[in-house]
Every structure is written in C-alpha cells, then in structure tokens.
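Below: one structure, written as structure tokens.
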Amino acid sequence: PFLWNAIIKSFSHNDYPKQALLVFCTMMENGVCGDKYSFSLALKSCSKMGFVKQGMQIHGLLRKFEFGGDVFLLNCLVCMYMRSGCVEFARQVFDRMIYRDSVSYNLMIDGCVKCGRIDLACELFDCMPLEMRNLVSWNTMIGGYSKLEDGFEVVMELFEKMPDRDLVSLNVMIDCCVKRGKMDVARALFDKMTKRDVISWGIMIDGYAKLGGVCVARGLFDATPCRDVVSCNAMMAGYVQNGCCTEALQVFRDMLSHSSLSPDNTTLSIALSAVAQLGRVNEGVVIHCYIKEKRFSVGGKLGVGLIDMYAKCGDLEAAKALFDKMGKRTMVSWTTMVVGYAKFGDLDNARRLFNEMPEKDAVPWNAMIGGYVQAKCSKEALALFNEMQAMNVKPD
RNA sequence: UCUCUUGUCGGUC
C-alpha cells in the first residue's frame, strides 16, 4: 500500500481529491488492503468535495479493519461529516469515540461554527477538557465570531482573554477589522506584527482594494515577499472591482510569465470578467484556449465566466453553444444567458429562456425587466414587475 | 507516508 499511498497523497496534496479517491478505489478493487494512511487520505478527499455517500461507504468499510478505532481516522470521519454539513453523524462518531484528542474537539467546534451553530461550538469549547484547549481552539472560536455580523465585540473580548496568540490569531483579527471597514485598526495591527505571512499581506491587499484604495493595495502587493496565487487573485479582483480591467489583465499576464505561479479557477474567472467588461473577445478566446489546454473543469464558475464573457462581448452564438453543451445548467448560467440576450436587445430569446427557467431568484427578474425597460417596452416591463410581486420573489 | 483554525472568485442593479 505504500506505493499506492504515495500516489493518493500526490493527488490529494496537489488538490485533485477526485483522482485521489479514484486511486483509492482502484487500490481496494485490486485486493490491496489499504492501511490507515490510505483511509485517512481517502476520507480527506471526501471532505474536500463534500462526498457524504462515498464517505459513508468508507466509514462502513472501516468497521471491518482493526485500525477502525484509530483516533486519526475517527477524526477524519468527523471532519468528513462536518464538512458535508451532517452535524448529527459527526456528533455520533464523536460521542462514540473512546479517546478524543484536541483535534477531535477542534474539528467539532469548527464544524459547528461553519454550520452557523455557534451555540454548540461554545458549549464544546466551554466543556472540553482544559488540557485539550489549545491555540487552534481559540483561533477557531475567534474565526467563528469574526464571521458573525455583530461578532466584533466578542472577538475583541476573546482576543484579550486568550492565553497565547500566534500569526493565525492576528490574521483573523486583521481580517475581522478589514471586513468591517476598519482599515486603520487593521493597519495598526498589521504594522505592529513581528511576523507576517502571505495571508497577512493578502488580507490587507483585499481590504484596501475593496475599499477603494487600489493604489495602496498595489503597493502592498509589490511589497509582498512571497506572493502566491491568492495574493494575485485578490489584486486582480481589486482592479476589476475598481474598473481597472486592463491592470487586472496585466497582473494575469505577469503571472503567466512568472513560471512559479500558475493561475487557478479563481484567477481565470477574474480574468474572464475583466475581458468581458472590456469586450475584448480575442483575449477571451486566448483564455478559453488556456482553459482547454490545461483541462480546467468548466462545470462550475468557470463555465459561467466563459458564457458571460462571450455574451458580454456580443458573441451570443458562442455563449449559447457553451450553455447547451454544459452538463448541468444552474440558475446562474441560465441567468447569464438571459442577461446576454437582453443586453443586446434580443428580447425574444431572452424571454424564451426566462420562461424555461425552472427556478428564478430576483436576478433574472431584474434582468428581464431591465431588458424591457431598455427597449422601451414599458408595458411588458410593468406586467413582469407585477408578476414578480405576485410571485413574492425574495430580493436577497 | 495520515487529521483541526486565518486571505482571493461567478449572473441583474
């Protein structure tokens, strides 16, 4: 199994959880008994993708092995259930564990926090054995509160109360300030830090960029010691949000020529939206080719990005072809097409797709009504508006 | 060789 594990690990480590899981299955089918390392890697892959069914199968399989009671593996199970939102199952595994370590508790706390059950998280945090409550537990708690709208006070309180603070604690703090527009407080903390990592820099870049300080953001971006793909994405997104699409694309090109950084899904989505806003199909096609060449999956956001790019550039045939070819149409991809048609005055096609949509939130309604308004079809616009109100569409 | 906490991203306005 060592060789197999090495392969599984390399996939898992390089963010290919699907292949990792596939290799694991192949291994088992070939009669090679996995060891606890193979299982933990497989479970981790399930966690990453939120595959509960596969995870449950592995869970079942695990009972037949003597190492099935291993703390590491049980922790992996807790993680898998928590990340898939199955709090009850996670709780079951956790409650039945004979030995728990701090990771077990921290996983439960984090899971509860991310499901919006901060009450359960608090209970676990307060009741866990003191010797297991470590920095990660504290950081998980302040991270949880920092995501709550009115959590700032509690974050400050916990931050004062915690016995130690590390880089993560400080990063959580500055992010918490940034997300509330308190850039001055964030900056003071950032400047005071004796150690900063690429995340600290990234939080500040994102903050300045979103609050209109793109130039300051750029300064920090240039000063970042070891930029990674997320810093670049934050910078690019910042440029796009401020309408500086050319600059965004320049960062993208710099990234491509800088061999140590390769674009990811997010990079490409941002680049596509920059191209869409500029209406430069040719550059969009180049990115499309890159996506095909590197075999990025176009099932999710990238697919939408491509459709949107072609639609906004006026190539509705290309957009429609992609839309038709896409396996699963989501409300978002559907809306993107409606918007594209409406924007270029093809209200018939827009309306046809709009009517075919199985589900609509406020966005397609707004877009369709907006299309009618733009074309001065006030009668249709008003009719739709009334219909929308009658349907009680939530604005969200 | 394995498990926990922090930054970036999609459709209308």
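Just so you know, these numbers come straight off a predicted model, no measurement behind them. Residue numbers start from 1 in every chain, and the chains themselves are labelled A, B, ... in the order their sequence lines are given, proteins ahead of strands.
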Please give me every residue in [range] whose heavy atoms get under 4.0 Å of an atom in RNA chain B, ordered by residue number.
range                       : result
residues 94-106 of chain A  : A:Val103, A:Asn106
residues 137-145 of chain A : A:Asn139, A:Thr140
residues 30-42 of chain A   : A:Tyr37, A:Ser40

Quick one: list whatever passes salt bridge (charged side-chain N to carboxylate O under 4.0 Å, His left out) with A:Lys36, sequence neighbours left out.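 In terms of salt bridge (charged side-chain N to carboxylate O under 4.0 Å, His left out), with neighbours along the sequence ignored, A:Lys36 is linked to A:Asp70.
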List in chain and number order the residues that pass salt bridge (charged side-chain N to carboxylate O under 4.0 Å, His left out) with A:Asp348, two or more places apart in sequence or in another chain; answer none if no residue qualifies.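 Per chain and number, A:Asp348 pairs via salt bridge (charged side-chain N to carboxylate O under 4.0 Å, His left out) with no residue.
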Tell me, do A:Met235 and A:Asp206 make a side-chain contact under 4.5 Å, heavy atoms counted?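 Counting from C-beta outward, A:Met235 and A:Asp206 never come under 4.5 Å.
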Any non-hydrogen side-chain atom of A:Phe24 less than 4.5 Å from a side-chain atom of A:Ser45?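 Result no, sub-4.5 Å side-chain heavy-atom pair not found.
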Going 5' to 3' along nucleotides 7-13 of chain B, which nucleotides have protein heavy atoms under 4.0 Å from the base (write B), which only from the sugar-phosphate (write S), and which from neither (write -)? BBBBBBS
Please confirm whether the shortest side-chain N or O distance from A:Lys114 to OP1 or OP2 of B:U6 is below 4.0 Å.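 For B:U6, OP1/OP2 do have a side-chain N/O of A:Lys114 under 4.0 Å.
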Quick check on B:U5: is either OP1 or OP2 less than 4.0 Å from any side-chain nitrogen or oxygen of A:Arg165?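 Indeed not, no polar side-chain atom of A:Arg165 lies that close.
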A:Tyr105 six-ring centre to A:Arg133 NZ/CZ under 6.0 Å and within 45° of normal: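 Negative - A:Arg133 is either too far from the ring of A:Tyr105 or too far off its axis.
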Check whether NZ of the Lys or CZ of the Arg A:Arg180 lies under 6.0 Å from the centre of the six-membered ring of A:Phe152 and within 45 degrees of that ring's axis.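 Verdict for A:Phe152: no cation-pi partner in A:Arg180.
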So among A:Tyr372, A:Tyr341, A:Trp365, A:Trp334, which one has a ring-ring contact (aromatic ring centres under 6.0 Å, His included) with A:Phe354?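 Among A:Tyr372, A:Tyr341, A:Trp365, A:Trp334, the one meeting ring-ring contact (aromatic ring centres under 6.0 Å, His included) with A:Phe354 is A:Trp365.
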When we call it a touch if two heavy atoms are under 4.0 Å apart, what does A:Val136 touch: a base, just sugar-phosphate, or nothing?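 Result for A:Val136 = base.
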Determine whether the aromatic ring of A:Phe72 stacks with the base of B:C2, defined as ring centroids separated by less than 5.5 Å and ring planes inclined by less than 30°.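 Yes.
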Just the rounded figure in Å: distance from C1' of B:U1 to CZ of A:Phe67.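 That distance rounds to 14 Å.
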